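So the structure is just underneath, and the comments pick up after that.
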Amino acid sequence: MSDRLVWLPFDPAELGDPPEGLRYEVVDPTQDVPDSVEDVRFYVPPYQMGPAIGDVLPRMRSLEVVQLLSAGVDNVRSRVPEGVALCNGRGIHDTSTAELTLALVLASLRGIPDFVRAQDRHEWTPGWRPALADRRVLLVGHGAIGEAIERRLLPFEVDVVRVARTAREGVHPIEDLPALLPDADVVILVVPLTDATRGLVDADFLGRMKDGALLVNVARGGVVVTDDLVAALHSGRIRAAVDVAETEPLPADSPLWDAPGLLVSPHVGGASSAMWPRAHRLVRDQLHRYAAGEPLHNLMTGEY
């Protein structure tokens, strides 16, 4: 029997054809940590990552690879031991997150939350609403998820302006944001949470947005300064839709709940039927590469 142990959060049969020569255990360390923890070589944590995910890493003395099912790595990057490869879930959530982003944009612009509340009151409330068509959309972040969002935006007859950490053909550097914000009707945040992006959307950023603009955050809560967003919403200048918050679950006393012009979804960008088929494909491919000694995809850090 192989001594290369793989911990998975799901039945290996879900992978279709997992590579032979590896040993598999289905483990959720937030529920139980078996004695085999010291033998784990390849670790796929559960998608819903709590503190126990990071707590178990120092006990994995044989660990070589951590393969996340999330696109972001900010929850565990600092806790992955030196020399261990950390791979993110790039490609797993592109489709699902892009769908939710479009849903949030369209629902916010066309007033769907207001219609739902009116329906609860048995009220008929017709009126004009802004369309997505003919709007300028500023896409802040242009990785795999950003590209997936853009592909879905373009059929709506919009002008997409792309921004990323560094400039490349057709993509502005993040330093251009102050000049780009005043002309954007919709601003979509899909950047990773790093030291450079934490608090990116502050009072100055929000103050540069045009009157009536819509801010959509499907990135991380820490990218936006919550108090500054709440103040901007209460001013009535902008609207917003957020799938993420600095503290999750969002506390019952958070001012975001009652902020005017805000649509909140509970961090469900990746939580759809589109996730698991893509997660299984990525993990299967990574395991085959690992078993064959080939380079891994989505490598964020480590020496593998």
Side-chain angles (χ1 to χ4, degrees), residues 68 70-74 77 86-106 109 131-202 204-210 213-220 222-224 241 243-244 269-270 274 278 281-282 285-286 289 294-302:
L68 300 182
S70 61
V73 300
D74 47 285
R77 184 197 288 269
L86 173 64
C87 302
N88 76 347
R90 177 185 172 96
I92 293 176
H93 304 290
D94 302 359
T95 295
S96 185
T97 302
E99 284 187 1
L100 180 69
T101 302
L102 265 292
L104 292 174
V105 170
L106 291 168
L109 290 176
L132 178 54
D134 308 323
R135 302 295 167 183
R136 174 164 291 179
V137 180
L138 185 59
L139 195 54
V140 186
H142 205 253
I145 294 177
E147 291 172 355
I149 293 171
E150 180 180 7
R151 289 195 297 271
R152 289 157 176 80
L153 280 170
L154 292 176
F156 284 86
E157 303 173 44
V158 299
D159 176 23
V160 176
V161 179
R162 310 167 195 87
V163 176
R165 181 177 58 182
T166 55
R168 52 186 183 272
E169 185 175 357
V171 182
H172 293 269
I174 203 164
E175 291 78 14
D176 287 355
L177 273 176
L180 297 171
L181 285 168
D183 295 323
D185 300 291
V186 179
V187 179
I188 299 174
L189 307 173
V190 65
V191 292
L193 180 62
T194 65
D195 290 342
T197 61
R198 187 178 296 277
L200 173 69
V201 180
D202 56 9
D204 180 69
F205 182 109
L206 295 164
R208 292 176 185 273
M209 291 176 62
K210 66 159 55 174
L214 172 68
L215 176 74
V216 179
N217 187 10
V218 292
R220 285 290 185 267
V223 173
V224 177
D243 185 49
V244 290
R278 289 156 181 80
R281 286 199 295 267
L282 175 64
D285 182 51
Q286 293 285 69
R289 288 176 173 275
E294 298 174 356
L296 299 174
H297 289 311
N298 300 359
L299 190 63
M300 306 298 292
T301 186

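Here the structure is a predicted model, which is why all the values come from computation and not from measurement.
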Rounded to the nearest 0.5 Å, what separates atom [atom1] in [X] from atom [atom2] in [Y]?
X	Y	atom1	atom2	value
L189	L215	CG	CG	5.0 Å
L200	R198	CG	CZ	12.0 Å
R162	L139	CZ	CG	8.5 Å

Answer yes or no: is there a donor N or O on one side and an acceptor on the other, between the side chain of T197 and the main chain of P192, under 3.5 Å?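 Yes.
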
Would you find a donor on one side and an acceptor on the other, under 3.5 Å apart, between the side chain of Q286 and the backbone of H297?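 The answer is yes, because a donor-acceptor pair under 3.5 Å joins these two groups.
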
Considering residues at least two apart in sequence or located in another chain, which fulfil the salt bridge (charged side-chain N to carboxylate O under 4.0 Å, His left out) criterion with [X]?
X	value
D285	R289
R208	D204
R136	D159

Do [X] and [Y] have side chains that get closer than 4.5 Å, going by heavy atoms?
X	Y	result
V137	L132	yes
I174	R165	no
T95	R152	yes
D185	L109	no
L153	I188	yes
V244	V218	no

Once side chain to side chain donor-acceptor pair (under 3.5 Å) is applied, do any residues pair with [X], and if so which ones, sequence neighbours excluded?
X	answer
D183	none
N217	none
R281	none
D202	none

Partners of [X] by side chain to side chain contact (heavy atoms under 4.5 Å, CB included), sequence neighbours excluded?
X	value
L180	L138, V161, V163, H172, D176
E175	P173
S96	S272, A274
N298	C87, N88, R90, L282

Among V190, L177, V216, which residue meets the side chain to side chain contact (heavy atoms under 4.5 Å, CB included) test with V140?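 Looking at V190, L177, V216, the match for V140 under the side chain to side chain contact (heavy atoms under 4.5 Å, CB included) is L177.
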
Return the minimal non-hydrogen interatomic distance between [X] and [Y], and the atom names on each side.
X	Y	answer
V223	A219	CG2-CB, 4.3 Å
L214	A241	CD1-N, 4.2 Å
R168	H142	NH2-O, 2.9 Å

Just distance, no hydrogens or angles: give the donor-acceptor pairs under 3.5 Å from side chains in residues 97-106, sequence neighbours left out.
residue	atom	partner	partner atom	Å
T97	OG1	H93	O	2.9
T97	OG1	G269	O	3.3
T101	OG1	T97	O	2.8

